[in-house]
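Encoded as structure tokens, the structure appears first; notes follow it.
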Amino acid sequence: MELPRTIPGPGPEIDRPADAQDQRDDLPPARRSWGRRLARIVAGLLLLILLMVSYLAVTAPLSKSLQPIAPPEITLLAANGTPIARNGAITDAPVKVRNLPPHVVQAFLAIEDRRFYTHWGIDPRGIARATWSNLTGGSTQGGSTITQQLAKFTFLTSERSMSRKAREMLIAFWLEAWLTKDEILERYLSNAYFGDNTYGLRAASLHYFHRQPERLRTGEAALLAGLMKAPSRLSPTNNFALSQKRMRVVLGAMADAGYMTPQEARAVPVPRLDVRSRSELPTGTYFADWALPQARQIEAAGYAGQTYRTTLDARLQAAAHRAIRQVSGKTQVALVAMRKNGEVVAMVGGRDYAASPFNRVTQARRQPGSTFKLFVYLAALKAGMEPDDTIANTPIETGSYRPQNAGGAYSPTITLEDAFARSSNVAAVRLFSQVGDEAVIDMARRLGVSSPLPTGDPSLALGTASMTLLELTAAYAGVAANSFPVVPRAFPVPEAGWFDWLLDGKRSLSSSDHEAIEQMLRATINNGTGRGAMLRGPNFGKTGTSQENRDALFVGYSGDLVVGVWVGNDDNSPLRGISGGTVPARIWRDFMRDALGERRAPPVRKAADPQGPVQPLDVPEIGDIPVGADSHIRIEDGQAVISTRVEGVPLDLRVDGEGLSVGRREPASPPASSPGSPPGEER
């Protein structure tokens, strides 16, 4: 029987318990409504959290989170899907925490996760500290624990999203539930990326110091721990000064954490590198050798079985190899072709990769010769000069530096356009003196040249400062696009949003200056030293020949392609009868004719298989060997294929172990117009 809320009597009323419904009835209607809404919100949030956890449990790769980690491997594809390189990582045996010196573990804990042994995979204090530092303009920090980092670089992709972060946290909790702290730390240390294609503490310790991790000194351990922030950029073999600076940050963190005193941290000596040479399988292509380090810098590069489509165009790479055949003997040649945005589509670093994998596009630093005059004339245009302005073209007879014009060609005066087109040395030096070396160097820097450029040296106007063909070609790409600096890339440039355009830091020439420099570049081909590079359509370029004919270059652009060609000897001996306007210009022309469709190219091969065997594109192709007026040989699927015509019918004759088979071949699409040589072209 329900009791009354109060019992009446002569004395004071005695309170009795009331049921919940009576209590709600006593509340004002507004409060009752607010309480119901709050209860529904809480219930909804709990349901949402339950659904999110369920979704993450299904989508997160928890099933493999306790499996051994597979060694990472990268496969590079050409733009059409042809595999051009596969590269496995440098790994070694896992480490055991109990066998490591205390200072090795302390170095990683101090800089990466000081509360590792007390949190449950997520560190709220670390997240809050990182968020506050980032919001208040301090140094950019991350709030990920060691457990989260292990989850990220072993089980997830490089996707940047809240969903990926949530899965990372869920896997971190899962790891903490099933593994001990030491086991988590051991997996982290044994699989983290340390730069130089090296994974794991043991492999890194042996690579950088030729020392087992159980014998690492304090400074060595601090340097390796410091690499975790940016392994490729901080690698001591790439930038020892930067890695040493980061090592001091780690030692300071160890002191802050109480692992040593500040005095002890400051007294730690700089470790000495002991990098031993190791035998590595070459990729078979100059481009892949250059692209692989870029792939390693991608966040996902450390994941097993990653495949990356590069910008390399197999058709243009083959065209590049055909174009360089006119160079013989000991003379070397290099060619690089890129889009105006820096995407490299073809790269030949030498005549024979198997004989010499040294990449003369990216590694050789040679004098650019008169191709450097681009920066001198751009500085003059920026100073207010115009192509029709004149300058003295007489011999320089005063001062310690007295350059001469090729062939002794002089005149009282010459226009800037003609001086550029005919590559007048005395005019360039005089112009350099007028605008000043600082203006010329500043222009080169704006266009992306990073090589040392000496001040106070008038010979700089004639390209006596050495640089790579890649950075020189990228500078010309900046002029072609009128947006610079252009950064050469092996992977597609991501599409920029409107906000990116505001913050990309790109510069451009004024419309009048851009038109003027293109007028001069065009005149070089029409009327000057670059006539050997002439195409049917508009093309722009500049010849270059260094002192004593040690280097010969042609750099120019047409359509969306910017191409640089270098010819020279590895021993820096003079070239005989070769200047920028001869062999390099003709190589450039032949490549561009194929690239732009001005002449018939070999038939297109069948579609590439990304999972197929690696096809090093720098291996000379038998498919280009002519065997008649309208026939050639190629190797396809292990068969020799002779493509020819019989009474106008295109046929493929296949020869294999079973004999000869004949099949009709689909003809290639004809070019837009018939081949021919433009007026004035060297033959």
message: Just by distance, no angles: are the side chains of Lys542 and Ser423 close enough, under 3.5 Å, to form a donor-acceptor pair?
response: yes
- prompt: Hey, are Ser558 and Asn539 close enough side-chain-wise for a donor-acceptor pair under 3.5 Å?
  reply: no
- request: Step through the shown structure and confirm whether more than 12 heavy atoms of other residues, nucleotides or ligands are within 6.0 Å of CD on Gln547.
  value: no
Pairs meeting criterion ring-ring contact (aromatic ring centres under 6.0 Å, His included) with involvement of residues 556-595, two or more places apart: Phe540-Tyr557, Phe554-Trp588
- request: Take Asp513 and Leu378, measure what side-chain contact (heavy atoms from CB on, under 4.5 Å) needs, and give me the verdict at the end.
  value: CA-CA 8 Å; Asp513 287 351; Leu378 280 173; 5.7 Å; no
message: Can you tell me if Gln326 has over 12 outside heavy atoms packed within less than 6.0 Å of its CD?
response: yes
Atom pairs and distances, side-chain donor-acceptor, residues 334-345, under 3.5 Å, sequence neighbours left out:
unit_1	atom_1	unit_2	atom_2	d
Lys340	NZ	Gly559	O	3.4
Asn341	OD1	Glu343	N	3.1
Glu343	OE2	Val493	N	2.7

query: Can Thr413 and Thr390 be counted as having a side-chain donor-acceptor contact under 3.5 angstrom?
result: no
task: Using side-chain hydrogen bond (donor to acceptor under 3.5 Å, both in side chains) as the criterion, list what pairs up with Ser466, not counting sequence neighbours.
output: none
- prompt: Within the side chain of Arg536, is there an N or O that forms a donor-acceptor pair under 3.5 Å with the backbone of Glu598?
  reply: yes
task: List the steps, then state whether side-chain contact (heavy atoms from CB on, under 4.5 Å) holds for Val583 with Leu575.
output: CA-CA 11 Å; Val583 175; Leu575 298 166; over 6 Å; no
task: For Arg365, check salt bridge (Lys or Arg N to Asp or Glu O under 4.0 Å) against everything at least two apart and list the hits.
output: Glu471
task: Please identify each residue that fulfils side-chain hydrogen bond (donor to acceptor under 3.5 Å, both in side chains) with Ser235, with sequence neighbours left out.
output: Asp196, Tyr208, Thr237
- prompt: Can a donor-acceptor pair be found between the side chains of Ser424 and Arg430 at a distance below 3.5 Å?
  reply: no
- request: Sequence neighbours left out, what pairs pass ring-ring contact (aromatic ring centres under 6.0 Å, His included) with at least one residue falling in residues 400-453?
  value: Tyr377-Phe420
query: Strictly by modelled atom types, are Ser411 and Asn393 linked by a side-chain donor-acceptor pair under 3.5 Å?
result: yes
query: If you count the non-hydrogen atoms of other residues, nucleotides and ligands that lie under 6.0 Å from CZ in Arg507, is the total more than 12?
result: no
